[in-house]
2 protein chains.
Amino acid sequence: MASETVRDRILAAGERITPQRDLIAGVLETAPRPLSASGLYEAVARLDPRIGRATVFRTVAALERAGIVEQLSLPGERSGYLLCATVGHHHHLVCQRCGKVSDLPEETVGPFFATIESDHGFSVDHASFSVYGTCAGCSARLV
Amino acid sequence: MASETVRDRILAAGERITPQRDLIAGVLETAPRPLSASGLYEAVARLDPRIGRATVFRTVAALERAGIVEQLSLPGERSGYLLCATVGHHHHLVCQRCGKVSDLPEETVGPFFATIESDHGFSVDHASFSVYGTCAGCSARLV
DNA sequence: CTACATATTGAGAGTAAGTATCACATACAG
DNA sequence: CTGTATGTGATACTTACTCTCAATATGTAG
């Protein structure tokens with residue numbers, strides 16, 4: 001099901017399907033947490049060592065264009081690639097205990113941007129950010 | 001004044017002052033917008049070509065430790081180094097027209113984090129983000 | 001003022017992420 | 001099934017850091 005969905009989303013975005021893209025999307029799909037560039041490349045190479053480095057980056061770029069993958073980047077850390085369930089632009093909550101990344105819906109972010117516009121006269125165009133902390137599941141486990 | 005303040009802030013953080021650090025802090029201080037790694041290195045080299053690459057990065061790291069510099073990073077873009085007026089952790093509003101970066105005060109961000117905690121059961125530890133758009137000044141100029 | 005322990009520097013090599021190039025291969029529209 | 005636009009792999013290159021190490025400078029204690 002999920003695999004078919006990713007295929008559909010790639011096609012819907014006007015991108016071609018190739019075995020390499022299928023494989024790379026599959027790796028991202030099964031990863032429990034964001035993969036670094038080298039982590040992704042190694043995981044892909046383990047499944048098919050003939051896939052080149054450039055193809056991995058090109059595929060990630062294609063998946064980003066299709067809105068399927070997002071790149072997380074944080075100062076001082078290597079950036080990570082993440083397959084997103086939510087369509088379109090959105091933000092992330094990253095749990096520092098379990099590494100799980102969940103999507104932050106527009107409803108939560110919208111009022112915040114509205115505040116910025118009214119308080120600072122700053123017209124928000126876009127923002128891409130991740131909030132780090134402890135997810136509900138991990139909090140419960142810590143009681 | 002500003003230079004003295006930066007010196008004080010470096011010392012207060014328990015970091016040593018060296019001519020190189022003074023010079024690099026000065027470059028960041030006069031930069032109107034965030035400097036990329038290479039931009040910073042080139043600007044520094046123009047003032048003193050004997051300063052090594054490693055020193056520039058080490059100094060930036062020391063200034064980050066002292067809370068004087070923040071690194072902006074955005075997916076798909078080179079990260080930028082920025083001298084911050086505000087002490088402590090904070091966030092930025094980046095104007096896409098004039099490049100000006102202003103600080104986003106805790107008062108604006110706090111309620112947003114509170115919403116995340118109450119709506120998602122997600123305990124926020126930290127977040128470092130930049131919001132892109134058009135600042136009040138540029139908006140006025142566009143009327 | 002001097003000496004010393006400790007931190008910092010510069011040079012240069014090394015690593016990781018990502019991009020460019022180009023001949024060859026393949027997806028998919030017609 | 002054929003043609004063409006697009007994708008692929010190999011490889012070289014660029015940018016952004018990081019590491020090492022001998023030489024040097026900082027700030028403190030005497």
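So you know, we letter chains A, B, ... as the sequences are listed, proteins then strands, and number each from 1.
Residues forming a side chain to side chain donor-acceptor pair (under 3.5 Å) with A:Arg65 (at least two apart in sequence, or on another chain): A:Glu15. B:Thr134 meets the side chain to side chain donor-acceptor pair (under 3.5 Å) test with no other residue; sequence neighbours excluded. The side chain to side chain contact (heavy atoms under 4.5 Å, CB included) check on A:Ser38 picks up A:Ser36, A:Glu42, with sequence neighbours excluded. For A:Leu11, the side chain to side chain contact (heavy atoms under 4.5 Å, CB included) test picks out A:Ile17, with sequence neighbours left out. In this structure, the side chain to side chain contact (heavy atoms under 4.5 Å, CB included) partners of B:Ala31, at least two apart in sequence or on a different chain, are B:Leu35.
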Once base and sugar-phosphate atoms are separated, protein heavy atoms under 4.0 Å mark nucleotides 23-28 of chain D, 5' to 3', with B, S and - as ---BS-
For nucleotides 18-25 of chain C, 5' to 3', base contacts (B), sugar-phosphate-only contacts (S) and non-contacts (-) with protein non-hydrogen atoms under 4.0 Å give BBBB----
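Here the P atom of nucleotide D:dG7 and the CD1 atom of A:Ile51 are 15 Å apart, to the nearest Å. Rounded to whole Å, atom C1' of D:dT8 lies 12 Å from atom CG of A:Asp48. Straight-line distance from the CG atom of B:Leu72 to the P atom of D:dA16: 15 Å, rounded to whole Å. Between the CG atom of B:Leu23 and the C1' atom of C:dT8 there is a distance of 15 Å, rounded to whole Å.
The two residues A:Ile24 and A:Val56 make their nearest non-hydrogen contact at CD1-CA, 3.9 Å.
Counting only residues at least two apart or in different chains, side-chain hydrogen bond (donor to acceptor under 3.5 Å, both in side chains) contacts with residues 48-61 of chain B comprise B:Thr55-B:Arg58. Residues in residues 113-125 of chain A take part in these side-chain hydrogen bond (donor to acceptor under 3.5 Å, both in side chains) pairs, two or more places apart or across chains: A:His120-B:Thr108.
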If you look only at distance, which donor and acceptor atoms sit under 3.5 Å apart when one is on a side chain in residues 136-143 of chain B and the other is two or more places apart or in another chain?
unit_1   : atom_1 : unit_2   : atom_2 : d
B:Ser139 : OG     : B:Cys135 : O      : 3.1

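One finds no side-chain N or O of A:Ser38 lying less than 4.0 angstrom from the OP1 or OP2 phosphate oxygen of C:dA16.
Note that the CZ atom of B:Arg16 and the OG1 atom of B:Thr18 stand 10.0 Å from one another [nearest 0.5 Å].
Rounded to 10°, the helix from C:dC1-D:dG30 to C:dG30-D:dC1 has 40° between the axis fitted to its first five pairs and the one fitted to its last five.
A:Phe57 and A:Tyr81 have perpendicular rings, their planes meeting at more than 60° on a 0 to 90° scale where under 30° would count as parallel.
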